[in-house]
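Note sheet for the following structure.
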2 protein chains.
Amino acid sequence: MRNSVLSRALLGLLAGEPMSGYGLASLFKRTLARAWPARHPQIYPALAELERAGLIRVSEQGPRRRKTYAVTREGVAEAQEWLRATSPDRTVRNETILRLFMLWLLDAKEAAAFFDDEIAEHRRRLEGFEQTHAEDEAQRRIHGRAAGGPAFCAALALEWALRYEQEYVAWATSARDRIERDAAKWNAARGRRLASVDR
Amino acid sequence: MRNSVLSRALLGLLAGEPMSGYGLASLFKRTLARAWPARHPQIYPALAELERAGLIRVSEQGPRRRKTYAVTREGVAEAQEWLRATSPDRTVRNETILRLFMLWLLDAKEAAAFFDDEIAEHRRRLEGFEQTHAEDEAQRRIHGRAAGGPAFCAALALEWALRYEQEYVAWATSARDRIERDAAKWNAARGRRLASVDR
DNA sequence: AGGCCCATGTAATTTGTTACATGATTCG
DNA sequence: CGAATCATGTAACAAATTACATGGGCCT
């Protein structure tokens with residue numbers, strides 16, 4: 001199966017609820033983008049392949065050529081087997097941390113501004129997650145929710161997002177404050193290192 | 001410039017210390033892999049291009065055809081301008097969280113085992129970072145370290161890694177415990193959802 | 001002498017993104 | 001009737017991984 005991760009993710013999502021390619025693309029855009037970005041030019045060919053393999057089928061045709069897909073029994077088995085038999089690839093790609101390794105190239109003021117941007121952006125994300133969490137809690141109080149099923153798993157992911165953003169903001173704030181406090185030392189160390197360039 | 005992120009990262013790392021392509025590849029493998037994985041088939045062509053563009057130069061030739069590269073003044077300026085003028089792409093790709101969204105496909109016992117694996121792996125990482133941190137602290141007590149320069153930035157990244165892994169282990173442990181405690185509910189919700197497949 | 005790591009490169013393939021292309025339906 | 005959004009697809013390009021390929025130098 002070409003592109004194992006994306007294909008299995010599509011199976012898993014369709015197992016939770018039958019959807020069209022467009023619906024899946026919106027789901028990736030709205031909630032999954034923070035875990036696994038995927039856009040329609042990847043999704044549509046992958047769905048076509050899953051259908052050929054008999055792991056999903058068109059369960060309904062709607063207006064505007066919409067095709068709603070549902071997993072088959074084989075599709076569920078495939079997704080489960082993938083979860084059981086393989087470990088996640090735990091590689092992360094974090095451009096901000098990569099940039100941090102070269103942040104000493106900027107002066108203390110610019111470095112503090114870098115962290116200011118990070119703090120602002122991650123506070124914004126945190127607020128968004130807090131709001132979603134509050135809405136979820138309200139829903140839960142009305143309808144209840146079992147400790148299982150797709151919604152419960154989504155709630156666990158949201159908890160992680162909250163913790164992550166809180167911790168990130170705390171770390172970035174602490175780093176920013178130290179850079180500002182020791183600005184003179186920061187600039188001196190920078191000067192020493194830059195002096196040895198191109199000689 | 002083809003592949004802006006990797007090329008700028010190479011400039012930044014070479015600004016910190018002149019190195020060979022092999023040295024850069026080892027650095028990515030040892031310490032940068034957790035922020036930005038990159039391997040030699042990407043690194044060597046990128047270095048060749050940076051040299052053609054005059055942003056780095058061969059500062060030394062060693063045994064086994066080793067070429068040590070150093071940044072030029074233009075290379076430093078380019079890296080600084082990139083840091084100043086562009087914002088990091090904050091997209092993350094986390095296969096574990098993606099899998100979490102479909103974890104309800106497994107029964108409570110298997111789901112708890114999934115978290116057990118995560119906890120074990122991230123505890124291992126945490127221990128590694130704690131050891132590096134202890135070594136850094138010992139070095140700092142002997143030699144001191146200014147609040148700036150490449151080593152200080154690496155220490156900030158290490159702090160983030162420590163916080164991240166601590167928070168991750170705490171979250172995963174809490175999630176695992178709740179799944180185990182409410183195993184019956186988990187399995188019931190799973191059964192309900194799976195029952196509607198392929199009809 | 002043989003094994004291991006140093007050291008550099010290219011080719012083939014896979015994965016992901018951006019741009020191009022088209023048309024239907026709904027809502028104001 | 002015009003704009004927005006729904007809906008699906010392909011083409012071209014960029015980025016990243018895996019496999020292939022080669023040889024030098026060090027250590028025992």
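Just so it is clear, the values below take in all heavy atoms, side chains as well, and ignore hydrogens, waters and symmetry mates. Lettering of chains follows the sequences in order, A, B, ..., and the numbering in each one begins at 1.
Of the candidates D:dA15, C:dT8, D:dT8, the closest approach to any side-chain atom of A:S20 belongs to D:dT8. Checking C:dA7, D:dT10, D:dT18 against every side-chain atom of A:H40, the shortest atom distance belongs to D:dT10. Candidate nucleotides D:dG9, C:dT18, C:dG16 were compared by shortest atom distance to the side chain of A:P41, and C:dT18 ranks first. The side chain of B:R64 has D:dC26 as its nearest neighbour among D:dC26, C:dT17, D:dT18. Closest contact between the side chain of B:K67 and the listed nucleotides C:dT17, D:dT8, C:dG9 involves C:dG9. Candidate nucleotides D:dT8, C:dT18, D:dT17 were compared by shortest atom distance to the side chain of A:Y22, and D:dT8 ranks first.
Contact annotation: B:Y44 does not reach the phosphate of C:dG9 (side-chain N/O to OP1 or OP2, under 4.0 Å). For C:dT17, the OP1/OP2 oxygens have a side-chain nitrogen or oxygen of A:Q42 closer than 4.0 Å. Considering only side-chain N and O atoms, B:R93 lies under 4.0 angstrom from the phosphate OP1 or OP2 of C:dT17.
D:dT18 atom P lies 13 Å from atom NZ of B:K29, rounded to whole Å. In this structure, A:L32 atom CG and C:dG16 atom P are separated by 14 Å, rounded to whole Å. Rounded to whole Å, the distance from CD on A:E49 to P on C:dT15 is 10 Å.
Mapped onto DNA chain D by nearest heavy atom, A:P63 and A:P45 fall at different nucleotides, with A:P63 at the one closer to the 5' end.
Annotation: side chain of B:W104 is in contact with side chain of A:C153 (closest heavy-atom distance under 4.5 Å). Considering only heavy atoms from C-beta on, A:W160 stays 4.5 Å or farther from A:E165 through its side chain.
A:M1 and A:L13 fall within the same hydrophobic cluster, where Ile, Leu, Val, Met, Phe, Trp and Tyr residues are linked whenever their side-chain heavy atoms come under 4.5 Å apart, directly or through other members.
Base contact: B:R65 has a heavy atom under 4.0 Å from a base atom.
Looking at A:Q131 and A:E135, their side chains do bring a donor and an acceptor atom within 3.5 Å of each other.
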